[in-house]
Each structure stands twice: as C-alpha cells, then as structure tokens.
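Reviewing the structure listed below.
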Number of protein chains: 2
Amino acid sequence: MSNHETVNEILVRLFANILDIEEKCLKIGEFADLSITEMHVIDNIGLTSERTMSDTAKAVKVTSGTLTTAIDNLIKKGYVERRRSSEDRRVVKIRLTERGREAYKSHEDFHKDLVTSALQQLNSHEEEVLIKVLTNIDEFFSEKYKYAGWY
Amino acid sequence: MSNHETVNEILVRLFANILDIEEKCLKIGEFADLSITEMHVIDNIGLTSERTMSDTAKAVKVTSGTLTTAIDNLIKKGYVERRRSSEDRRVVKIRLTERGREAYKSHEDFHKDLVTSALQQLNSHEEEVLIKVLTNIDEFFSEKYKYAGWY
DNA sequence: CAAATATAATTTGACTATCAAAGTAATTGG
DNA sequence: CCAATTACTTTGATAGTCAAATTATATTTG
C-alpha cells in the first residue's frame with residue numbers, strides 16, 4: 001500500500017469516527033451523563049469567570065436557540081450556572097459550576113493524553129513535520145471553505 | 001507555544017469540526033442533497049456489486065433499524081437500489097445506482113485531494129513520520145476502546 | 001416433520017441535536 | 001420618546017439515532 005493510501009485510510013477512519021470514539025471514551029469515565037456535544041460546550045465556556053450566551057453560541061457554531069436548550073440541560077445536570085447581567089439585562093452570563101470545572105479538567109486531560117500518545121517517540125524535527133501536515137490539512141479546508149463563502 | 005500545545009490546538013479544532021467541515025464542503029458540490037452521514041453510507045456500500053443490510057449496518061456502526069431508514073431515504077433520492085435475496089428471502093441486498101457511484105467517486109476524490117494537500121512538500125521520510133503519528137493516535141483510541149469493552 | 005428457536009429486516013415510539021422564524025424584554029440612537 | 005436593534009428564549013420542524021416489538025423466513029431439534 002502506498003503512503004498516500006495508508007494516510008487516506010487512517011484519516012478517513014479517524015475523521016469518520018472521531019466524535020463517536022471520543023463520546024465512547026467519555027462514557028467510560030466519571031462524566032458519563034455528558035454527551036460529547038455537551039462536553040464541547042463545557043470546554044468552550046472554559047474556566048474563565050463568565051461568558052455571554054451569544055459569544056458561546058458563536059464559538060461553538062450553533063444558533064443561540066440551540067445553545068439555550070443545551071445550557072438548560074447542562075444546568076439541570078449541575079454543570080453550568082446562568083444569571084442575567086445587571087449592567088445589561090438582555091444579556092445572560094453563564095459559567096461552570098465546580099462540577100463543570102471538574103468535567104473541563106477531565107476533558108483537558110483526555111486531550112493531553114491523546115497528544116502525548118500521538119507525539120511519543122517523535123524527535124523535535126518529526127514534531128515539526130506533524131505540525132506542517134496538520135497545517136496543510138487546515139489550509140485545505142480553509143481553501144474549500146472560501147468557495148463555500150465561509151470566510 | 002510548545003509543539004504539544006500547537007498539535008493539541010489543531011487536533012482539537014479538526015476533530016471537533018471535521019464532520020461539520022466535510023458536510024459544508026459537500027454542500028458546495030453536485031451532491032448537495034446528501035448529508036455527510038448519507039455520504040458515509042454510500043462510501044461504505046462502495047462499488048462492489050451488492051451488500052446485505054446487516055453487513056452495512058455493522059460497518060457503519062448503526063443499528064439495522066437506523067440503516068433501514070437511511071436506505072429508505074437514499075433510495076428516494078436515487079442513490080441506492082434494494083432487492084430481496086432469492087437464496088435467503090430474509091436478506092436484503094443493496095447496491096449503488098449509477099448516481100450513487102458518481103457520488104462515491106466524488107467523495108473519493110475529495111479525500112484524495114485532502115491527502116494530497118496534507119502530504120504536499122513532504123519527502124518520503126516525512127511521510128513515514130506522519131504515518132507513525134497517525135498510527136499512534138489510532139492506537140491511543142484502540143487502547144481506550146479496550147477498557148470500554150469495545151474490542 | 002412440526003414446533004421451537006434463531007435470524008434479517010422493518011416498524012414503532014422515544015429522545016437529542018439542530019435550525020429558522022416568531023416572540024419577549026431591554027437598550028440605544030435619532 | 002419611539003423606532004430600530006440586540007440578546008435571548010420559545011416554537012415548530014427535521015435528521016439521526018436507539019431499543020424493543022413485529023414480520024417473515026430459515027434452521028434446529030425433539
């Protein structure tokens with residue numbers, strides 16, 4: 001099998017299943033009541049004191065309506081708090097609860113482990129190669145995006 | 001920023017958005033009436049003469065009920081044909097129509113372009129490095145899977 | 001061979017994630 | 001001060017998914 005074919009095969013499999021795989025990994029652990037989507041919202045809210053709904057919706061790339069229901073559920077599950085801003089009462093600020101911060105850290109660790117596994121046995125030159133490839137993939141999608149009118 | 005952080009940042013972004021990105025790319029082209037999920041079913045059926053429903057469901061990692069409705073839609077859209085096996089009348093065989101094969105090839109080309117972009121400017125040693133890294137990532141997930149009882 | 005069991009697929013009922021559009025409440029700019 | 005804008009929520013719809021019930025057929029077994 002050529003290098004091209006090998007790379008294609010692994011990339012296709014990783015890309016097609018990555019969210020699924022990540023969700024399955026999530027379900028093994030302590031935060032099994034979170035979907036991968038919810039974990040990504042938690043990841044995006046992050047450890048910063050507070051964020052607005054609209055900033056978060058934009059960052060997670062969902063409509064604000066979608067985020068409202070997602071946050072409703074995360075509040076029910078005890079991961080997020082919501083309060084109305086007193087400066088501008090249209091604005092809603094959200095932040096992670098203590099449990100939310102624990103979930104955030106757990107997810108962060110998962111990614112750190114992944115990267116450590118990915119980079120193991122690579123010397124710094126090889127790490128540079130990987131970064132070049134990932135940047136190329138990034139640019140491939142940006143280029144396609146451009147035609148889709150996304151940039 | 002360290003190499004670890006850079007790799008983490010790009011991987012997280014790619015993994016979190018990859019299906020979304022691929023779907024958006026799909027919507028630019030000729031096969032805009034297909035979702036990325038449907039394209040992956042088409043990809044899995046492939047160019048081989050015929051497949052059973054159960055084999056396909058297993059490969060795509062959905063229940064057979066889910067596949068039934070997916071195939072219903074793909075038939076409506078003209079990408080897939082379905083017939084009952086005459087050897088075993090419980091079995092349903094599916095295969096791509098001519099339009100289905102065109103969609104398949106278009107998707108294949110997309111992946112080929114992606115890999116070509118990814119590998120551009122790499123010499124063969126560097127390609128080997130990439131394969132090593134991708135294999136590491138693959139194994140990281142396999143290892144996690146094992147604990148989840150997936151293997 | 002007839003009945004019980006197993007298999008392949010479909011149907012049903014439920015749930016999550018999503019969007020667009022309509023609605024509500026608050027702020028801002030003329 | 002009121003028209004337009006902004007921030008968010010609600011509503012109604014769709015896609016994708018599963019588990020469990022159902023249907024049809026095949027296989028096993030007493």
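Chain naming here is simple, since letters A, B, ... match the order of the sequence lines and numbering starts at 1 in each.
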inquiry  = Rounded to whole Å, please give me the gap between CD in E23(B) and C1' in dC19(C).
reply    = 13 Å
key: Nucleotide nearest R84(B) when distance is taken to its side chain, options dC19(C), dT10(C), dT27(C)   = dT10(C)
message = I want to check one thing: is the phosphate of dA8(C), taken as OP1 and OP2, less than 4.0 Å away from some side-chain N or O of S64(B)?
response = no
message = Without decimals, in angstroms, what is the distance between H40(B) NE2 and dT17(D) C1'?
response = 17 Å
task = Quick one: label T52(B) by what it contacts on the DNA or RNA (base, sugar-phosphate, nothing), any heavy atom closer than 4.0 Å.
result = sugar-phosphate
task = Rounded to the nearest angstrom, tell me the gap between atom CD1 in I36(B) and atom P in dA15(D).
result = 16 Å
message = Can you see whether D55(A) engages T52(A) through a side-chain donor-acceptor pair at a distance of less than 3.5 angstrom?
response = yes
key: Salt-bridge present (R82(B), E50(B); N to O < 4.0 Å)   = no
inquiry  = So if I take every side-chain heavy atom of V91(B) and compare against dA19(D), dA8(C), dT17(D), which nucleotide ends up nearest?
reply    = dA8(C)
Pairs where residues 104-128 of chain A contributes a residue and the test salt bridge (charged side-chain N to carboxylate O under 4.0 Å, His left out) is met, not counting sequence neighbours = E126(A)-K132(B)
note = Ranking D88(A) and G65(A) by the position along DNA chain C of their nearest nucleotide, the one closer to 5' is G65(A)
request  = Let me know the distance between NZ of K93(B) and P of dT7(C), rounded to the nearest Å.
outcome  = 19 Å
message = Please pick, from dT17(D), dG16(D), dT27(C), the nucleotide with the shortest atom-to-atom distance to any side-chain atom of E38(B).
response = dG16(D)
request  = Before accepting this row, confirm whether a basic side-chain N of the pair K76(A)/D72(A) lies closer than 4.0 Å to the acidic partner's carboxylate O.
outcome  = no
request  = Would you indicate, yes or no, if dA15(D) has its OP1 or OP2 atom less than 4.0 angstrom from a side-chain nitrogen or oxygen of S35(B)?
outcome  = no
task = With heavy atoms under 4.0 Å as the rule, sort T37(B) into base, sugar-phosphate or nothing.
result = sugar-phosphate
ask   = What nucleotide, of dT9(D), dT7(C), dC19(C), holds the atom closest to the side chain of T63(A)?
value = dC19(C)
inquiry  = Please determine whether a side-chain nitrogen or oxygen atom of R82(B) lies at a distance below 4.0 Å from atom OP1 or OP2 of dT10(C).
reply    = yes
task = Grab the CG-P distance between L34(A) and dA17(C) for me, whole Å please.
result = 10 Å
remark   = D72(A) atom CG is separated from dA17(C) atom P, nearest whole Å, by 12 Å
note = Between CG of D20(A) and P of dG16(D) the distance, given in whole Å, is 15 Å
key: For atom CD of E87(B) and atom C1' of dA24(D), their distance in whole Å   = 17 Å
inquiry  = Quick check for you: among dA20(C), dT18(C), dT27(C), whose closest atom lies nearest to any side-chain atom of R89(A)?
reply    = dT27(C)
message = Looking at dT10(C), I'd like to know if its phosphate oxygens (OP1 or OP2) sit under 4.0 Å from a side-chain N or O belonging to T68(B).
response = yes
query = Does the side chain of T66(B) get closer than 4.0 angstrom to OP1 or OP2 of dC18(D) through an N or O atom?
reply = yes
request  = Test F110(B) against F140(A) for ring-ring contact (aromatic ring centres under 6.0 Å, His included), laying out the working first.
outcome  = CA-CA 11 Å; F110(B) 176 81; F140(A) 173 79; 5.6 Å; yes
ask   = What nucleotide, of dT10(D), dT10(C), dT25(D), holds the atom closest to the side chain of R90(B)?
value = dT25(D)
message = With a 4.0 Å cut-off on N to O distance, would you call K93(A) and E81(A) a salt bridge?
response = no
T69(B), nearest nucleotide to its side chain (from dT7(C), dT17(D), dT6(D)) = dT17(D)
